[in-house]
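In what follows, every heavy atom counts, from backbone to side chain, and hydrogens, waters and symmetry copies are set aside. Here is the naming used below: chain letters follow the sequence lines, and residue numbers restart at 1 for every chain.
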Amino acid sequence: MTRFLRHLFLSLSLFLIATPYIALAVDDPSEMLPDPRDEARAEAIGAQLRCLVCQNESIEDSSAGLARDLRKVVREHVAKGETNDQIMHWMVVRYGNFIRLSPPLTLATALLWGMPALALLIGLLCAFIMFRRRSVTAPLPLDPDEQKRLDELSRGKGQTDA
Amino acid sequence: MSEISPSRRRFLMAIPLAGAGIAGVAFWKMLSGMSAGSFDPHDIHAPAAGRVIPDFDLPAQAPGEGFSSTDLRQQTKPVLINFFASWCIPCIAEMDALLSLKKEVEIWGIAYKDKPENAEGFITRAGNPYTRIASDREGRVAIDWGVSGVPESFLIAPGGHIIWHGAGGFDNGNTLNALKAVLAKVPA
Amino acid sequence: MNPELGRFALALACTIALAQTILPLAGAQRRDVRLMAAAPGLAIGQLLALAVSFGCLIYAAVTNDFSVANIAENSAVAKPLLYKITGVWGNHEGSVLLWALILAVCGAAVAGFGRNLPAALRARVIGILGGVAAGFELFCLITSDPFDRIWPAPMDGQGMNPLLQDPGLAFHPPILYTGYVGFAVPFAFAVAALIEGRVDATWGRWVRPWTVAAWCFLTCGIALGSWWSYYVLGWGGYWFWDPVENASLIPWLSGTALMHSAIVVEKRETLKIWTILLAIGTFSFSLSGTFLVRSGILNSVHAFANDPARGVFILGLLALVIGGSLTLFAWRAPILTTGGLFSPVSREGMLVLNNVLLCSICAVVLTGTMYPPFMSLLFGRTISVGKPFFDAATIPLAIPIFALMGIAPMVPWKRARIAPVLRHLWLASILALVAFAISFWGLSGVLPILSATLAVWIVASSATDIATRIALFRTSPSQSFRRLLALPRSAIGAAIAHAGVGVTVLGLAGMSQAQHKIVEIPIGQTEHLAGYDWTLTGVKTEPGPNYTALVASIEIRRNGHLVTVMHPSKRSFNTQNQTTTEVSIHTNLLADLYGVIGDSHGEGPAATYVLRLHWNPLAPWMWLGALVMAIGGVFSLSDRRIRIAAPRRYQADNATMETTR
């Protein structure tokens, strides 16, 4: 199946923005759980599970055969009254962390999860150093060019100008 | 005008180059690994090895006889479970490899989401490498095994432990060698 | 017009491109005026040769010349003419040729519009563009020849993939490529500046319009791709954080940062090194994004793996372009002087903050996209990084950008205080508060409420910015109008583009409230969704040119009044054994009613049909906002100061600006 899809993709991929999986995604309503709360829970779990044979799509978004089967499995487990964690665990035992669209925080994914804070921190640090450096250099003796610029700066102080 | 020394400045300006260099080397490794067949960034690596086989009972698929998890557990020799389907092109491609592998290990097949008549026709045409064949019409047992596509194979030790798992056809030398390496360690 | 002529023209273009690289660069180095003067002619010559080559390929496609392998694989006699033409760039070989063609257009555009550039800078920029173009033309000739012949020629081609026959998909690649390739110009300017060792305000002024132009195309390209997946895929989704999408988002983010930091270079002659790095980075992301996506590392397609020579060649080319420019950066950037002083609270400070936040998002998307293959390579373990991660990691960084967007354009340069700016924004603040109150009452979820509030805030403060500048209501309307005309177009463009972001954010907030329903009903039954009554009134089979369509008629009523009758259909293609769904969308610009027909069960009057019904509030605004952003960009491109970018005039302008301050 995977390989078959790959062959199918071969023709499609040559578009740069080849879409995740060209799906004819009309689902079978009989898949859905009778209780809307259960169905909502199943959808929330499904949105966290990757359709294994597609690109970065969740099983809720894909009409690939395997995604449909996995949707059924999720709904069976929900109907049995299992918790979200239990269902997630059931899936991870079988398919590994690959099936989780948001990877668990481990030592190996620390960089990934830390990236937003890290990038922001590095950026702000660079900006801070730049500002501090500039304020340190300001009192140093200026060459004529810089003196001129400083004059302009003091003249332009406090004005709003595009 | 800056308090950053020229050497440190030089060092800072070289960071992007270093980053790009590391990424370039990594891409090179990935691409060469992919063309050699040793690296597949899309391999799911389902953690099957070490697990106990799931419980199941599947009907027979002609021309073979069906089997259940109990049958599998009672074996005294390792058994290779091979999920296949008649609609799967790579399954046809790996048939030759399976037929020669048959001499080294017993192979049991499970037809995945396949019409029985199609699967039967496929096996008769390709030559039958399987000792027993079961049919998983709905593909639900396959999910319990952690199968994400066909072909996919599992090596089962006596007692029902999965000791090796391979996704992809045995026509890929790397997959075949990996299985043979495991087989060599198991007392047959 | 035969394929051999096409190949010859391609080879000729490659030769000219090599000359275009060597002669002007050598000329600029040796201050040889004649060599430098050759640059524009060579750039235009290269464009002409490539245009002939591309024309030959189109001609072969239109005339069904199946002796050309590329046409035989991707076209067919029965294909409509439009898709025969657009199919030319719908495959690997053709798209590389298109890529090179756009690059040649960029080179010729610099030759044409850049008459006011200093001779040496222009020669270097054209030379660098020629070098990159030569690389791609060589790639095309050696490993991806679109003119390869096959013998015997088949009677008909195989390229009838119905999914690819769609106007959105047909015009999406050229627009997206123009965005990607357009960033080659700022890249070339950056490399030229590094060679010259000089970056000044004039440089910033020249780089900015090219960046804005490329950015407009990329914005439209991304929006078009998103819209395409919305109306083609048939389940109402619009963005999937797929590696292929991320590959276009990453250069968009860094390009947006570049567009803003170039302003600082232009106005204040500072952030130069950073801007150079961004220019190099943006084009590098464009290049590596598009080509690594095809290599199969990010995508589950082994497009290059079939031909390892391609992978090796493209990686070599990337190493040359990216590695070369970054080496030059490491070597030459330290000698660039840093410029003007400014306090953290100032327009410059705001733009720095904008860059920090945008680049942080860029880093997050890059990391998330590249993490799985690197995990796989380093640890032999696979993970997935999908929508839940990207949503959680990028939204907290995007929210401060949205909040600051309203304030930043009104903050004065050099040194400022925030309080007076906020006083100007009292009306926008009130509007945002009203929006908050309304969305608190009407929307569910913290994020949609916050997004809606911020969206209104952005639009209102952008309007306030312009209103303040033209002293609206504080002086006579005619006086305000005169001021509006006198306002720099770039300022108006920026306000429009910012408002466009607000519109998109509002669309996203609306979409978060979308409702859908999947039902299986017989003809005549009515379903209720989002206050509308959807009745399946009939289903019929209609023959198409090469398919049979199952067409449903759904009457949609609201309070008994007919709103629309929609006809979603499902096409079964006779020969390909493939089916596609044709979504039906009815929009009143405030919400989309979206219907899809699926499988049918049973026969005769008892037959039931699976329908998927969606109500997508404000969905069109997401793409409308992108269009507004692009319009803002175009508006800013029409700035007089860009059109008349003569250095002398610039100097004069600059002098008057300085004195009026």
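For the pair Met13(B)/Leu336(C), no side-chain contact is recorded, criterion being any heavy-atom separation below 4.5 Å from C-beta on. Residues Trp28(B) and Leu315(C) meet the side-chain proximity criterion, which asks for heavy atoms closer than 4.5 Å.
Surrounding NZ of Lys113(B) are more than 12 heavy atoms belonging to other residues, nucleotides or ligands, all under 6.0 Å away. Around atom CZ of Arg198(C), no more than 12 heavy atoms belonging to other residues, nucleotides or ligands sit under 6.0 Å away.
Distance CZ/Phe374(C) to CD1/Ile22(B): 9.0 Å, rounded to 0.5 Å.
Neither the backbone nor the side chain of Met375(C) comes within less than 4.5 Å of any heavy atom of chain B. Contact of Ala333(C) with chain B is made through backbone and side chain together, with heavy-atom distances under 4.5 Å. Looking at Pro373(C), both its backbone and its side chain come within 4.5 Å of chain B, counting heavy atoms on both sides. Looking at Ile322(C), only its side chain comes within 4.5 Å of chain B, counting heavy atoms on both sides.
Between chain B and the residues Leu326(C), Leu378(C), Ile383(C), the most heavy-atom pairs under 4.5 angstrom are made by Leu326(C). Most heavy-atom pairs under 4.5 Å with chain C, from the set Ala20(B), Pro47(B), Ala26(B), Gly24(B): that is Ala26(B). In terms of non-hydrogen atom pairs under 4.5 Å with chain B, the most contact-rich of Ser376(C), Gly380(C), Gly281(C), Pro334(C) is Pro334(C).
Closest heavy-atom contact between Ala14(B) and Ala330(C): CA-CB, 3.8 Å.
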